[in-house]
K.L.:
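This is the structure I want to talk about, given as structure tokens.
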Amino acid sequence: MMEYRLDLARTLDCGQAFRWTQSEDGLWQGTAGGKTLGVSQHDLSPVMEDAFWRNYFDMDFDYEGAREALAASSPVMAKAAAFSSGIQILNQDPWEALCSFIISQNNNIKRIKGIISRLCCGGCFPTPEQIIEIGVPGLRAIGLGFRDSYVYDAAFRVHSGLIDLDQIKTLDVPEATEALKTIRGVGDKVASCALLYGFHRLECFPMDVWMKRVMADLFDGMDGRDLFGPLAGLAQQYLFFYARELYYKENSI
DNA sequence: CACCAGGTGGAAC
DNA sequence: GTTCCACATGGT
């Protein structure tokens with residue numbers, strides 16, 4: 001049994017965050033909450049010794065225990081969990097996560113990163129007020145495509161108080177989902193991603209095309225929320241990584 | 001030049 | 001209820 005350890009590459013480059021880059025020497029650099037970080041896999045002390053980053057990387061959650069619990073749920077999940085060691089669920093900013101996953105729809109990771117990079121313009125992720133200031137034509141110019149009005153609507157609703165992100169933290173997942181879905185361009189999948197990655201609701205199980213395929217092929221079409229319960233979101237990340245990196249390659253389908 | 005990308009809204013059955 | 005399709009953009 002290998003010792004468990006945060007895996008930066010798997011955690012930062014698996015589609016839950018879009019603002020981290022790795023330089024040739026292996027250093028991961030990113031920004032969150034107005035702070036910047038540079039950290040390498042061989043020395044995680046910059047994460048361990050700073051309260052903000054410790055929380056951001058979710059270092060105080062019992063991932064070993066969670067992995068054991070998930071592995072006990074089924075042989076397939078046990079394989080996926082064993083293969084996906086080191087993936088953790090980040091504590092990202094709710095607003096940034098919400099916008100990021102609106103932008104992610106019908107889009108690819110590379111372009112998502114480019115759009116978000118241009119939105120941030122080297123600094124912090126724009127506030128709702130700054131998004132409103134940019135305006136729909138400005139967002140279109142940045143390359144959001146048809147998602148421009150979606151992000152603008154999110155900004156408008158948060159700025160005006162129609163959506164209260166702090167209050168959403170207090171709602172249960174079905175209520176929070178319904179609240180988020182009042183935003184144009186937010187459906188079940190985007191809401192689920194925002195809640196999992198931005199609000200740390202580990203029971204959320206984002207169903208994208210890949211997960212539909214995984215659940216059909218490996219779990220006889222069962223519902224991941226029923227199978228994995230309060231750890232469904234973590235299970236989803238393991239299965240996503242396992243399926244794309246191993247299962248569908250070995251089986252060449 | 002077609003087709004795709006970790007979807008969604010809306011119309012048409 | 002379900003099934004289609006357009007949606008803007010850059011990459012194969």
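Values below: every heavy atom of this structure, side chains too, minus hydrogens, waters and symmetry copies. Lettering of chains follows the sequences in order, A, B, ..., and the numbering in each one begins at 1.
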K.L.:
Want to settle it: does A:Met211 or A:Lys181 sit nearer the 5' end of DNA chain B, counting the closest nucleotide to each?
P.N.:
A:Met211
K.L.:
Assign A:Arg184 to base, sugar-phosphate, or nothing according to its heavy-atom contacts below 4.0 angstrom with the strands shown.
P.N.:
sugar-phosphate
K.L.:
Can you sort out the partners of A:Phe146 under ring pair (Phe, Tyr, Trp, His ring centres under 6.0 Å), two or more places apart, ordered by chain and number?
P.N.:
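So A:Phe146 forms no ring pair (Phe, Tyr, Trp, His ring centres under 6.0 Å) with any residue.
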K.L.:
Compute the ring centroids of A:Tyr248 and A:Tyr242, then answer whether they are less than 6.0 Å apart.
P.N.:
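Aromatic pair excluded; centres sit 6.0 Å or further apart.
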K.L.:
Hey, does A:Gly15 reach any base, or is it just sugar-phosphate, or nothing, if we go heavy atoms under 4.0 Å?
P.N.:
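Counting heavy atoms under 4.0 Å across all strands, the contact made by A:Gly15 includes a base.
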K.L.:
Where each residue is assigned the nucleotide of DNA chain B containing its nearest heavy atom, which of A:Asp188 and A:Asn107 is assigned the position nearer the 5′ end?
P.N.:
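Whichever sits nearer the 5' end wins; that is A:Asn107.
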K.L.:
When all nucleic acid strands are considered with a 4.0 Å heavy-atom cut-off, which category describes A:Phe240: base, sugar-phosphate, or nothing?
P.N.:
base
K.L.:
Please give the remaining members of the hydrophobic cluster of A:Met48, linking ILVMFWY side chains under 4.5 Å, ordered by chain and number.
P.N.:
A:Leu6, A:Leu8, A:Leu12, A:Trp20, A:Trp28, A:Leu37, A:Val39, A:Leu44, A:Val47, A:Phe52, A:Trp53, A:Tyr56, A:Phe57, A:Met59, A:Leu90
K.L.:
What is the first contacted nucleotide of DNA chain C and what is the last, in 5' to 3' order, if contact means an atom lying under 4.0 angstrom from a heavy atom of chain A?
P.N.:
C:dC7 to C:dG10
K.L.:
Using the P atom on both, measure B:dG6 against C:dC4 and round to a whole Å.
P.N.:
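One P to the other, the span is 23 Å.
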K.L.:
Can you give me the first and the last nucleotide of DNA chain B (5' to 3') that has an atom within less than 4.0 angstrom of a non-hydrogen atom in chain A?
P.N.:
B:dA5 to B:dG10
K.L.:
Among all residues two or more places apart in sequence or in another chain, which pass the side-chain hydrogen bond (donor to acceptor under 3.5 Å, both in side chains) test with A:Asp93?
P.N.:
none
K.L.:
Pairing of DNA chain B as dot-bracket, 5' to 3': ( ) intra-strand, [ ] crossing, | other strand, . unpaired, with Watson-Crick or G-U pairs under 3.5 Å?
P.N.:
.||||.|||||||
K.L.:
Below 4.0 angstrom, which residues in residues 132-144 of chain A have at least one non-hydrogen atom near DNA chain B?
P.N.:
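Going residue by residue through residues 132-144 of chain A, none turns out to have a heavy atom under 4.0 Å of DNA chain B.
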K.L.:
Using the P atom on both, measure B:dT8 against C:dG10 and round to a whole Å.
P.N.:
23 Å
K.L.:
Which is true for A:Gln237 with a 4.0 Å heavy-atom rule: it touches a base, it touches only sugar-phosphate, or it touches nothing?
P.N.:
base
K.L.:
Between A:Asp153 and A:Arg157 (salt bridge meaning N to carboxylate O under 4.0 Å), is one present in this structure?
P.N.:
yes
K.L.:
Output all residues satisfying side-chain contact (heavy atoms from CB on, under 4.5 Å) with A:Ser149, sequence neighbours left out; order by chain, then residue number.
P.N.:
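A:Ser149: no side-chain contact (heavy atoms from CB on, under 4.5 Å) contacts found.
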K.L.:
Against the six-membered ring of A:Tyr152, is A:Arg140 placed for a cation-pi contact (under 6.0 Å from the centre, within 45° of the normal)?
P.N.:
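A:Arg140 over A:Tyr152 ring: no.
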K.L.:
Applying salt bridge (Lys or Arg N to Asp or Glu O under 4.0 Å) as the test, list every pair that has at least one member in residues 174-196 of chain A; sequence neighbours left out.
P.N.:
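Counting only pairs at least two positions apart or across chains, the salt bridge (Lys or Arg N to Asp or Glu O under 4.0 Å) contacts touching residues 174-196 of chain A are A:Lys181-A:Asp188.
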K.L.:
Suppose the criterion is salt bridge (Lys or Arg N to Asp or Glu O under 4.0 Å): which pairs have a residue in residues 10-22 of chain A, not counting sequence neighbours?
P.N.:
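Of all non-adjacent pairs touching residues 10-22 of chain A, those that pass salt bridge (Lys or Arg N to Asp or Glu O under 4.0 Å) are A:Asp7-A:Arg10, A:Asp13-A:Lys113, A:Arg19-A:Glu96.
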K.L.:
My understanding is that only one of A:Tyr247, A:Tyr238, A:Phe241 makes a ring pair (Phe, Tyr, Trp, His ring centres under 6.0 Å) with A:Phe83; could you say which?
P.N.:
A:Phe241
K.L.:
Please report the interatomic distance OG(A:Ser192) to CD(A:Glu203), rounded to the nearest 0.5 Å.
P.N.:
9.5 Å
K.L.:
If you assign A:Lys110 and A:Tyr150 each to the DNA chain C nucleotide with the nearest heavy atom, which residue ends up on the more 5' nucleotide?
P.N.:
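Of the two residues, A:Tyr150 wins.
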K.L.:
Report yes if the side chains of A:Met215 and A:Asp223 come closer than 4.5 Å at any heavy-atom pair, otherwise no.
P.N.:
no
K.L.:
Name all residues meeting the side-chain hydrogen bond (donor to acceptor under 3.5 Å, both in side chains) criterion together with A:Ser160; count only those two or more places apart in sequence or in a different chain, and write none if there are none.
P.N.:
none
K.L.:
Suppose we screen for side-chain hydrogen bond (donor to acceptor under 3.5 Å, both in side chains). Which residues come up paired with A:Gln105, at least two apart in sequence or across chains?
P.N.:
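With neighbours one apart ignored, the set is empty.
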